[in-house]
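If you're wondering where the values come from, they're calculated on a predicted model, not measured in any experiment. Values reported hereafter were calculated over all heavy atoms of this structure, with side chains retained and with hydrogens, waters and symmetry mates removed. Residue numbers run from 1 in the order of the sequence given.
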Amino acid sequence: MSVVNSGPRLGRWTRLATARPRLSLLLALVVTALAVFAGSGAADRLSSGGWDDPGSQSSYAAKALDREFPGARPNLLLLVDGRGKGVDDPAVAGEAARLVKRLSAEEGVTGVGSYWQSKSPSLRSQDGREALIAARIEGDEKEAGEVLERIAPGYRGAHGPVEVSIGGPVAVMHDMQTIIQEDLLRAEMIALPVTLVLLVMVFGSAVAAMLPLVIGVVAILGTNAILNGLTAFTDVSVFALNLTTALGLGLAIDYALFIVRRFREELAAGASPRQAVGITLRTAGRTVLFSALTVAVSLSAMLVFPQYFLRSFAYAGIAVVLLAATAALILLPAALMLLGDRVNALDLRALLRSRRSAGAAATRSEDSVEGTRWGRAVSLVMRRAPVFAVFTTAVLVLLGLPFLGVRFGPADDRQLPPGAESHVVQEHIREGFPGSPGGGLEVLAEGAATPAQYAEYRSRIEGLSGVLRVDGPLVSGTSATFTVLPEEKAVGEETQQLVREVREQPAPFKTSVAGAAAMLVDSKAAIGDRLPWAAAIIVVVTLLLVFLLTGSVLIPLQAVVLNGLSLTAMFGAVVWIFQEGHLSGLLAFTSTGDIEATLPVLMFCVAFGLSMDYGVFLLSRIKEEYDRTGDHEHAVAYGLRRTGGLITAAAVILAVVMVAIGASRVTNAKMLGLGIALAVLMDAAVVRSLLVPSVMKLTGRATWWAPTPLRALYRRFGISEGEISHTPLRTEAAVEEKELDDRDRAPVG
């Protein structure tokens, strides 16, 4: 193991953590209590939309239409079922009229209309048994949701001869928000005890196992408070809570695993608790800080996108990463100072061992067994480096091929479980009503025009391929609106092309197009425009940070490429499962035939950051040993031997948390959780264990090359793992490392 001079100064950060550990923990307790108070009710203030570009033509048209023609864009639909009678039956019509009158009198509701008033065929089911009452609830998402909660109980259910169900966009968003909150609570109830069991298995000690959970809870509570505060200034997506829980637990566990493991190593080597904390902070502590920066950078790339759905994940992700790192670097060392050797207390595995203490000797013995296992594995990989490198790369590329057929779509009611009321209503409308009510294109015409000019424009739109019918114009002052009903699916490729063609039509007035398909077209365009900038931020900053860590030109390039390869299985699985519908019965979701356009961006940023997290821990340990010995192959083997088990354990624990999130009944949350769980496991089991050592074996000592100007830059600004002694101490641990090296070099079998 590397040995750091522990006698001299411990450094400013070490003094902060070790000088007054009780005071540090007391202040942390006070701050956490304040965070609980500040974050209470955060979920109720979050929004369930955010997939559209607020600066796009479709958003502008939607806002203008809501202002000028509130009845033209209903967001509330009451599905009225005649209970076996036709909707034109006098009793059914009479009850429907009473419902319309009552709904029109509700505060916050405007633009109420129905089939019984307009006799529009698009508001009547093809079998004549159901019809629609449409209205608009005013206000933003939060305000509309509050109105819906107030009025819905009075309309849902039986009313004389009819049965009423509630749907429409506002009901879909409300159901989505409610279900996500319920699922998140369930995920936390599942993840926390399972995680604790896994941590006990990793550490043996119940005391050590509790420390990562405490760090995770502090990070989650602090982030909830920050998100709650942000809602006063901007919209924040309710989906961000899922990321807060997953990263708060996952990264806190990662950071605590490495810090506690290093602390126990130093105790086992004979250091005092104060010395062990100092050494740990100068080595694993610096790596944790560096890792947190790389993850935060990956997540910050989502800030370049205009959709607040993506920006919300950046807010939540950056906050929870930095809070987890801060807690791990301040609270955890303070706790370790107070615990000392008692960090190994309540060693549950001691019950299964005979004549073996639960203290340092046991830790060294277990490390020896684990090190031997990983040492033999990496030795085999490096001896067959070309085979492993080519085969692993080919498999990862093959797993990612389904993503070449990806199709993007919007998030709609089909994200909800089949039994959700709004999903049932929207499904009835899609399958049983002509012209896809609510799924048409809304064309806003602004500027003075004559009836003849409106008629000519309408005729031109009706002549376009794929148009079923054009309704309107509805005129208000110098503005008018047309509703274009497509022949194909409301948001299919044909309808998206129709949006482009309508926008290209000349007119004597200014026109803009809204509607679900138009919002999808604009959202995809916004993502496409800003994706290169997001990718550039991630790649450039990653290259710079990894260079500052290693001083190498080649290692940063390897890190970016190999991290990208680690995500191929995730993207391929997303298309194969969620777009094409394989395993939809097992996973209990409805396949829409496409992927919501913002999800791949989100999953890439999160998964890439987590991959870098593991990569930094591995590379820092390899770099530390290379600086100590100058032996490239030994350093690679040593780094994997020392971190392989921990990275795998951390990945499994994070995967458990993500799978708990993936158990959500909302498809987007399910896709996010299961997809990232797969990416994390592939990264730990395949990329870090097979691809990284084989590639580093092939590049040899050239791995550490850098031109003279960059070497000078690294010497001035590079991040070192502390004061490394090039003369290893002949401690019991050092002898054990020598024995492990000898075993690694021995032929397998």
Side-chain angles (χ1 to χ4, degrees), residues 294 298 374-406 535 538-540 542-543 546-547 550 552-577 600 603-619 621-623 632-633 635-637 639-641 643-644 647-648 650-652 655 674-705 748:
T294 60
S298 294
W374 278 95
R376 289 189 176 278
V378 72
S379 177
L380 173 63
V381 170
M382 294 179 73
R383 283 202 302 273
R384 302 287 187 268
V387 174
F388 279 98
V390 173
F391 179 76
T392 304
T393 301
V395 169
L396 291 174
V397 170
L398 183 64
L399 291 175
L401 288 180
F403 193 71
L404 297 178
V406 66
I538 292 174
V539 171
V540 171
T542 298
L543 291 174
V546 177
F547 169 76
T550 63
S552 163
V553 171
L554 189 57
I555 289 179
L557 295 174
Q558 288 179 355
V560 170
V561 173
L562 299 187
N563 272 15
L565 280 174
S566 72
L567 309 185
T568 55
M570 175 185 72
F571 285 124
V574 160
V575 171
W576 189 78
I577 295 173
M603 296 174 74
F604 173 82
C605 292
V606 174
F608 190 92
L610 292 174
S611 296
M612 279 305 305
D613 181 50
Y614 298 138
V616 164
F617 283 119
L618 174 58
L619 290 174
R621 206 67 191 257
I622 293 174
K623 169 67 174 174
H632 171 70
E633 291 190 22
V636 174
L640 270 167
R641 188 169 65 232
T643 64
I647 288 176
T648 301
V652 169
L674 298 182
I676 294 179
L678 177 61
V680 165
L681 292 176
M682 290 296 293
D683 182 75
V686 178
V687 174
R688 303 298 153 204
S689 301
L690 303 178
L691 199 53
V692 169
S694 60
V695 169
M696 293 190 81
K697 165 68 175 181
L698 293 175
T699 54
R701 290 182 63 87
T703 302
W704 305 98
W705 177 84
V748 177

Beyond-backbone contact of V687 with Y614, side-chain heavy atoms, under 4.5 angstrom: no
Backbone of L396 reached by a side-chain donor or acceptor of T568 within 3.5 Å: yes
Residues which pass ring pair (Phe, Tyr, Trp, His ring centres under 6.0 Å) with F571, listed by chain and number, not counting sequence neighbours: F403
Heavy-atom closest pair, residues P693 and V378: CB-CG2, 3.8 Å
Counterpart residues, side chain to side chain donor-acceptor pair (under 3.5 Å), relative to T393 (two or more places apart): none
Identified side-chain contact (heavy atoms from CB on, under 4.5 Å) partner of M682 from the options L399, V395, L565, L567: L399
Minimum-distance pair of heavy atoms, taken over all atoms of V575 and P402: CG1-O, 3.3 Å
Partners passing side chain to side chain donor-acceptor pair (under 3.5 Å) against R384 (at least two apart in sequence or in another chain): none
Atom pair CG/CG of L557 and L562 - distance to nearest 0.5 Å: 10.5 Å
L618 CG to D613 CG distance, which is reported to the nearest 0.5 Å: 11.5 Å
Main-chain N/O of V686 paired to S689 side chain as donor or acceptor, under 3.5 Å: no
Side chain to side chain donor-acceptor pair (under 3.5 Å) partners of S566, counting only residues at least two apart: S611
H632 (side chain) donor-acceptor with M696 (main chain) under 3.5 angstrom: yes
Side-chain heavy atoms of I555 within contact of F547, under 4.5 Å: no
Reported OG1-to-CD1 distance for the pair T643 and I622, which is rounded to 0.5 angstrom: 7.0 Å
Results of side chain to side chain contact (heavy atoms under 4.5 Å, CB included) for L698 - residues two or more places apart only: A385, P386, A389
Closest contact, heavy atoms only, V695 versus Q558: CG1-NE2, 3.6 Å
Between CE on residue M570 and CG on residue L681, distance to nearest 0.5 Å: 12.5 Å
Atom pair OG1/CG of T699 and L554 - distance to nearest 0.5 Å: 5.5 Å
T703 backbone acceptor or donor facing S552 side chain under 3.5 Å: yes
Spacing of CD1 belonging to I647 relative to CH2 belonging to W374, to within rounding of 0.5 Å: 8.0 Å
Ring pair (Phe, Tyr, Trp, His ring centres under 6.0 Å) partners for F388, two or more places apart: none
Residue pair N563 / M612, side-chain heavy-atom distance below 4.5 Å: yes
P600 side chain near V574 side chain, heavy-atom distance below 4.5 Å: no
Minimum heavy-atom distance K697-E633, with the two atoms named: NZ-OE2, 2.6 Å
Closest approach of S298 to F608 (non-hydrogen atoms, all atoms of both residues): OG-CD2, 3.5 Å
